[in-house]
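A short write-up of the structure that comes next.
In the text below, chain A, chain B and the rest are named by the order of the sequence lines, each starting its count at 1. Here the structure is a predicted model, which means the values were calculated and not measured. The basis for the numbers below is simple: all heavy atoms, side chains too, and nothing from hydrogens, waters or symmetry mates.
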Amino acid sequence: MGKEKNNSFIDRVWDLFASVKFAVVIFSVIALTSMVGTVVEQNVEPEKNLTVLAKLFGESAAPTLYSILDKLGFMNMYHSWWFVTFLLLFAMNLIICSLDRLPRILKLVREPIRPLSEEHIEKMSIRRSVPFKGKPSALRDEVASAIRKIGFRPSESETEKGLQFYAEKGSFTRLGVYITHLSILIILVGAIIGLYFGFNAYLNLPEGQTTSVAYKDRGAEVPLGFEVRCDNFEVDYYGASDMPKAYKSWLTVFKNGKEVMNKVITVNDPLTYEGITFYQSSFGTVPDSMDRGVVVLTVASRDGKSEQVNTRVGGAFTIPGTSETGKITNFSPALSFDQAGRPYTYDQNLLNPAIFVEFSSPAGKPFSGWILQRYPQTWNLPDGGRVEFRSFWGVQYTGLQVRKDPGVLIVYLGCIIMAIGLYITFFMSHRRLWVSLAEEKGTARILIGASANRNRASFEKDIEKLAGLLGESRKGGN
Amino acid sequence: MSGSASSVFFGLSTMAYILAMVLYIGYLAFRKKAIGVVATTVTIAGFLSQTIAILLRWKEFYDIGQMGWLRAIPLTNLYESLIFFVWCLILAYLVIEFKYKNRTFGAFITPVAALVLAFIDISGMSKNIQPLVPALQSNWLLAHVTMSFISYSMFAVSFSTGLMYLIVKTEKRNEPAYIFWTVMLSIFIIVLCALGLDYLTFKLSVKSQEELIKSYLFKATFRNSSSAISLLSWAVSASLTFVIWRFGGALRKIITGFNISAETLDEITYKSIAMGFPIFTLGGLIFGAIWADQAWGKYWTWDPKETWSLITWFFYAFYLHSRLMRGWRGKKVAMVAVLGFVAVIFTYLGVNLLLSGLHSYGSQ
C-alpha cells in the first residue's frame, strides 16, 4: 500500500492520513485549541466570560471579542462542529495508520526467526564470543539447555562449520502500539454511544418526596421508568467541626408501585437501577420550609423506657411512663453561642439544628434548655431522662446527578485494553538471539548475537549470563 | 500542627535539598569530587528525613481520619502532593545518579525540588492535616494520585535532561534551539529568584497571616506596588536572559567536561518519558476517569484539570511520535520534552491557582 508511487487523489489522502506527520499535527491542533476552553469558561452566562475577556484585553474590546468567540463556538467548544471534526480526524488517523501498517507488521510477527550467517551475527548490537575445544555437536545439549535456562526455546540448524541455535521472545510485542491505538478508538466509540443513547440529568429531591422524572440542563424532563423516593438526607461531620465527613441520602426505588430497592448512597457510592445511576452530588434547604420540619426525637425516661416521637416546632411530648412533658418553643437551623453565652443562629441552612425545650414536671422543678442534634451531651436531662434529637426532617433536599450511559462499559473495556497495550508497548520487548557453534582449522568458538527493540540493558544481562553458562559448560566438557 | 514531629523532618529535608542544590551547582562549577560526595550524602539524608516525615504524617492522618491506612495516605491537598512530588523526583534522581554514575544531573534536578519547596513556603498554602472531604473518600485516591505524581517526577527528569541535551548540542547563538534553551533556563532561574525574594520579604514583613498570601506571588518583584521595582524586575530579567544567551556556551563546556554524552542525555530523556507516559495515562487519565465516573457520574467533563491532563498527554504523545519522524530526532524532540513539562506544571499548579474546576483543592 503506497509502496509504489501511485498518485491518485485517494492514495495521496490515504498516505497523508497514515503519516506520523499528520498525527503530530492533529495532536498539536487538539492540544492548542483545548487550551482556549480552559480559560474561557464553558457553558456559563456571558457575563462571566465578558469579565475575563475585559481583564485580559480591555473593556472596549471584550464585547466584540466575545461575539467573535461565541460565533466560532468557543463558549461550548468541546462540542462545537470544528472540535468534533478534529476528534474525528484524530480517529481517522488512528484507523488509517493502523490499516496501512498492520498487514505488514502482522506478516513480520508471524514470520519465524531464521538462522543467520556469522557475519550477520557479528553485526548484532549485543554479541559475545566464547572459545572452546572439540566438536560443535558435542556441545549441542549443553548449549540448548543454557538457552532454555535464560527463558528461550531454541530452534536448531546445521551450518557449514557446525551448528546454530536461534530463538526469539515477545515477537507479538510489536503489536502493542496497535493495541493502544485500537483502545483509543474503542473509548471514542463508547463515548459516542453514551452521547446518543444515554443522558445526564439532575434531580433535587426533598426528603419524603417521590419522583418519576429527572431534569436535563435546560429543564427538560427525562422519564426514569420507575419511581425514586428520598427517605432521608443527612450530613455527618468530623467531631464538633463544621467539616463534612459524609453526605448520605436514603433512597428507595419503586417499580409499578412495589418497592424494589433500598440504598444509602454517599459521594463515592451511587445507586444503580435499570441502567440509571443516582450520584450524591449536592444538597440544600427547601426555601421557606423550616416551619414544616418534623422534629424526630427518641425520648427515654430515667428507668429506660423509650419511644420515638415525631413532632413539630411548637409541639409537645411526654416522657414515657411519667407525666413530665416537654414543649418545643424555639428552633435554630444553625445554633451557636456568642462570647457572652447568648444563643444565635449563624446560618439559614441546617448546619447545627437545635430545639429549645421547656419541661414541666408536676413533681420536680421545671427546667428548659437547648438540645442539639450534633451534640449528644445536650441530650441528657437533669432528672436522668434523655431526649435524643435524631433529625429535623423534611426541609432538606438531596441533589442527585442522574445518569444513564450504555457506553460506559465500552469505555472501561477500552481503558483495560489501553493499559494492556501500553504495558506491551513500553515494558515488553522483542528479543532475538542466535548462538552459532563453529569449528574451523582446529579453533572453535561459540558466537552469540542478540538484539532487543527495547530495554536492551536487561537483555544484555541475560546474554551475559548465557555467555557465562556456556563458558562453564566448556570447562566442564574438558 | 506546626510542632508535630513530621513537620520537623519536613523542615530538615527542605534544608537538605536546598543545601544539596547549592552543593551540586558548586560541584559543577569547581569539579571537586569531595563536593559531589557531600552533595550526594546531603541529598540522601534529606530523602531519608522526608521519607520519615511522610510516614509520620501518614500515621497522624490515620489517627485523625479513622478510615483505614489506604485512605489515610497524605496526598489530599496541594501541600502534601507537592511534598510527594519532590520525594518521587529525588528518588528518581538518586536512581539515575547511581545507575549512570554521574552527578551532573544533580545541578539540574535539585533546583526543581528547591523551587517546589520555596513555592510551598511563599504561597503560604495550608500545611495542616485536614480530614478527607467526602469526594476524596475513595480507594482510587491512592492509585490516581500516587501514579500521577510518579509520572510527573519522571517528566521532571526528562525536562532536566532534555534541557541539558539542548545545552550540549547547540553551538550557534542564532540557532532556534539555542535561543529556546537559554530563554527556558532564564525563565526558570528568574522564577526561582522571584520566589526567593517573595519568601524573604514575606518572612521579614509583619503582615497579618490572614492576608491571602496567594496574592503574594511575585509581589516582591514583577507585581510590586511600586512600578519602579516592577520595571526594574523586568529589566533585570531581560538582562539576565541576555547574559545567559550571550555566555550560554560556557555551560556547554562545563557539562561536556563531565564526560556526559548527548546520547546518554537523550536516552535518559526518552526512558523517563517512556516510563512516565504509560503511568500517566493509566494513573492520571484512566484512573481519574474511573474515579470521576464513580463519584460524579461523568468520566469526562472537559473541566480544566482534565483538559490540561489531556493536553499534557498530547504533548508527550507528540514527543513519542516525533521521534519516529525523519529530521526530528535530537534537538527538536528535546524541545518537545521540555515543553511537555511546562504543560505538566500548568496541569498541576496553573489549573489550581489560575483556573476553576472540580480539582481546585489549592484554593483553600
Relative to chain A, which segment of [X] carries a heavy atom at a distance below 4.5 Å: side chain, backbone, both, or neither?
X	value
L285(B)	neither
Y316(B)	neither
F287(B)	neither

Any donor-acceptor pair under 3.5 Å linking the side chain of [X] with the backbone of [Y]?
X	Y	result
Y279(A)	D293(B)	yes
N268(A)	A135(B)	yes
Q294(B)	P270(A)	no

Is [X] in contact with chain B via its backbone, its side chain, both, or neither, using a 4.5 Å heavy-atom distance?
X	value
V411(A)	side chain
F427(A)	side chain
F90(A)	side chain
S281(A)	neither
Q42(A)	neither
M77(A)	neither

Can you tell which of [options] has the highest number of heavy-atom pairs within less than 4.5 Å of chain B?
options	answer
Y423(A), F278(A), F426(A)	F426(A)
V402(A), T277(A), N455(A), N200(A)	N200(A)
V20(A), V24(A), L422(A)	V24(A)
P244(A), A419(A), A246(A)	P244(A)

Flag if over 12 foreign heavy atoms under 6.0 Å of NZ, K263(A):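 Yes, because the 6.0 Å sphere around NZ of K263(A) holds more than 12 heavy atoms from other groups.
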
Largest heavy-atom contact set with chain A, pairs under 4.5 Å, which of F277(B), W328(B), W313(B):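 Heavy-atom pair counts peak at F277(B).
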
Chain A interface, residue from F315(B), F314(B), W300(B) that has the most non-hydrogen pairs under 4.5 Å: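 Result: the option with the highest number of such pairs is F314(B).
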
